[in-house]
Amino acid sequence: MQQVALDSKEPSYTEAVALLGGLVVGLLCLQALRTPSIPHMATAPAAWCIFAPMAVLFTIGLAWSKNVLVRFLSGVPFAIVSLIFTTIGALLGTLIVQHPRAGDALGMLQKLGLTDVFHTPWFAALVLSLVVNLSLASGRRMRDVRFSDVVFCTTHVGTALVLAGGLFGNLSSVQGTLRLHPGKANGTLELDAGKTLELPFSLVLTSFSVEPFPLELTLGERMDEGVVPRKGGKPLPALTPGKSLDIAGWRVTCESALPSAEPDLHIMEDPTGRIVLDLRLKAHDSEIQFPLLQEFSPRELPGDRFCGLLEAKENGAAAILALARQALAQDAAMGALFVTDGHRMTTFVKDEAGTCVEKHGDDAFLPIALGPMILTPGRLYRAQVQGTWKAASVLNPQPTGAARVVAEKNGQRKEGWIASGPDGADGLDLEPGVTLMLLNPQPKSFQSDVLLEGRKHVIRVNAPLVHQAWQFTQASYEVASTGQPISVLRAMRDPSLPVVWTGLVMLLVGSMGALWILPNLMKREQA
Amino acid sequence: MMDSLLLSASCTLFAIGAMLDVLGMVRRNESLQWKGALLIATGWLMLLGLLLWLWITLGRPPLRTLGETRILYAAWLPAIALFARWRWKTSLLMAPMAAMAVLFLLLVLATPETRVKALMPALQSAWFVPHVVVYMASYATLALASLSALVLLIRRWRGIQDPAATLELPIRLLWLGFPLLTCGLVIGAIWAKSAWGHYWTWDPKETWAFLTWAFYLIPLHQRAQAGEKTSLWMPLLGFPIVLLCWFGVTYLPTASQSIHTYTD
């Protein structure tokens, strides 16, 4: 009689809350006292570690379906309480900043693992409780094999596989960043925890290319913070040289359009044996140009003069400054020159009378803060150098765009360069409240051509490379101080992936099958 | 401007269609209700036209910005409502659906965006369109579930006894919207794997997608227990969670850690 009473006991929410609540509190206390580390299981066979326990649970559910413990752990109350606790944990992970910077005053939150919720033992325990519930429930359900039971098992086992695979992946996956410099081999992965890992192979970046979008012209308004694009309306056609557009009553013709510019500064020897500086900028399959300088745009400089930027080490700074004064005085087409040693910036500007004015600033990042600069295409800056110094490229890693436009209306004519850049755009004022400007250029695509074990591969965004269970994804790129691009790849190895994909497919198929369940359930109820 | 014109026209047709529908319901005049439905269908076609026009002029799917997704969402609402009307013979949804669609379209009109053609490399994927389209369809369906629950609760409060079949409308819509939500989630995971290297990173947006999915499991499980009727409050409470997931995430403290950000 007692056995029957035990078997017929319905699972209760109170017991589920007590069990799971106790588990979470216990693990939280453990976390607060000492941070437990979950062992990394990099070499554990994922399929066995996931399928075997789940199969055992499934069988237990099938064979001991009336057992009070099985009924409790596989019941809806346990599932819902477990789900609620898991969602509360996940919710905390979106309300509290995860992985805060060192030094942020988050004391107790960090002790409880709330600044890295998704990697704590208590969160893992909650996910595991869902896996146990789903596996047992699926086993119990397969006592009768009807369409609704098959759909049930497909969705629930699928979900359990995804959760178990994700949990196992957390313990066994390895991910990090691989930075590739052109022409150099690299097999050292920078892991997230600040450590490194040597891969059993290395990749060589043979070339890196960035394709920009065509320049997008738009109308803007000049505000205090700069030129701001207008909202709404139809987008304008792409800006191409020789093409004319009618904009706000103006006939706008594009004379030259340069979607991006890459600076190139190097030392060369002229025919007389002098060491000179050759400063050029290369645009994407177009002529030479410099990006636009925010403070010294062509509308402030008389005519289309050009500017240059030099970076010198401290021991050469004095020579460079003398060089700059000399160059400005000698070169009629020279409008401004900037010299930096990485800490201070000295700016030389020539006015219409040819008088040079010097300005000094203390900003180590001024070359970047200044933004891009505009120069007349094809001009070359030459100067004589005395003393030792080291050339460096213009420090502006972001792609910039510039275009020269001519706008005409009712006999009025306005012309000049317009540009965009990471520090704001510069536009051409047509009339009050109407300014022609360029939208910030964006890379359309960027890709790495790599050599891996003698074979060529191309890695693009959304087109990763998979090799020996490692996946290399094109994450982003950087530009070194030498101006060379650095390809940034994200590398990942997750042995639980096949399990997760299987689970997702089952979940998807089961969800579609579930569309038929409710109408059938309603028909049965009516009958 | 073509976009403002089409948006305004759709809003007007939805509003007039909703008024005719309500009038028809009050006067028990089916002909008026059908005329209302016809106007709503016409407004829906205009929205589809707008989406097509945007696609052509931008040269990319108009699904990148918050405003563009709002237009798609407003386009799904009448489609699902008209389907529900045909499938379950209910006109309960038309007026509230139209009101919601008008609200979202007015939001789009009130907050114009810069029309940028460029699509960042991560979004240049075959998964982009299915992911957003399926998700917006699920949001629209779940929103209609919430609206129908609200209407039924108001009618109950006013003492109107609705038949059992009508009371099942919210759960029917949940049962339709949930697989779409699951589908959107799965597509997102597959896409994330190829774009970012990992199918799940507990990004705030991803976490809220999971929270939304987990929330709707509760009323579905309640209903799946044969003989149990779902409370109308559960579908109603789900929509604020959907809204939080859709654009509320931007305002969370962890928003800066998310790579799922809408850009203008």
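Every chain is numbered from 1, with letters handed out A, B, ... down the list of sequences. Computed from a predicted structure; not experimentally measured.
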Can you confirm whether A/Gln98 sits close enough to B/Trp202 that some side-chain heavy atom of one is under 4.5 Å from a side-chain heavy atom of the other?
no

Looking at chain A, which one of B/Leu119, B/Val249, B/Leu176 has the largest number of heavy-atom pairs inside 4.5 Å, strictly under?
B/Leu119

Specify whether B/His221 and A/His156 have parallel, tilted or perpendicular ring planes, treating 30° as the upper limit for parallel and 60° as the lower limit for perpendicular.
perpendicular

Greatest number of heavy atom pairs closer than 4.5 Å to chain A - which of B/Trp127, B/Trp196, B/Trp200
B/Trp196

Find out whether A/Leu91 and B/Trp208 are in side-chain contact, i.e. whether some heavy atom of one side chain is under 4.5 Å from a heavy atom of the other.
yes

Indicate yes or no: at least one non-hydrogen side-chain atom of B/Met120 is less than 4.5 angstrom from one of A/Lys444.
no

Honestly, the part of B/Phe210 sitting under 4.5 Å from a heavy atom of chain A is side chain

For B/Leu217, which atoms come within 4.5 Å of any heavy atom of chain A: side chain, backbone, both, or neither?
side chain

Considering only heavy atoms, which portion of B/Ala126 lies under 4.5 Å from any heavy atom of chain A: side chain, backbone, both, or neither?
neither

Part of A/Val500 lying under 4.5 Å from any heavy atom of chain B:
side chain

Side-chain contact, heavy-atom cut-off 4.5 Å: A/Thr94 with B/Lys205?
no

Just by modelled atom types, is the A/Ala514 backbone N or O under 3.5 Å from a matching donor or acceptor in the B/Trp175 side chain?
yes

Shortest non-hydrogen contact from B/Pro121 to A/Ser445?
CG-CA, 4.2 Å

Applying a strict 4.5 Å limit to non-hydrogen atoms, the region of A/Ser476 in contact with chain B is neither

For chain B, find which of A/Asn462, A/Thr473, A/Leu489 contributes the most heavy-atom pairs closer than 4.5 angstrom.
A/Asn462

Close side-chain approach of B/His198 and A/Arg490, heavy atoms under 4.5 Å
no

Do B/Ser194 and A/Gln471 make a side-chain contact, defined as non-hydrogen atoms from C-beta onward lying under 4.5 Å apart?
no

Any donor-acceptor pair under 3.5 Å from A/Glu216 side chain to B/Lys117 backbone:
yes

Is there a side-chain contact (heavy atoms from CB on, under 4.5 Å) between A/Val461 and B/Gln124? Walk through the geometry before answering.
CA-CA 8 Å; A/Val461 181; B/Gln124 294 172 33; over 6 Å; no

Between A/Leu95 and chain B, which part of the residue has a heavy atom less than 4.5 Å away: side chain, backbone, both or neither?
both

Region of B/Trp213 that comes under 4.5 Å of a non-hydrogen atom in chain A:
side chain

Under 4.5 Å from any heavy atom of chain A, what part of B/Phe215 do you find: side chain, backbone, both or neither?
neither

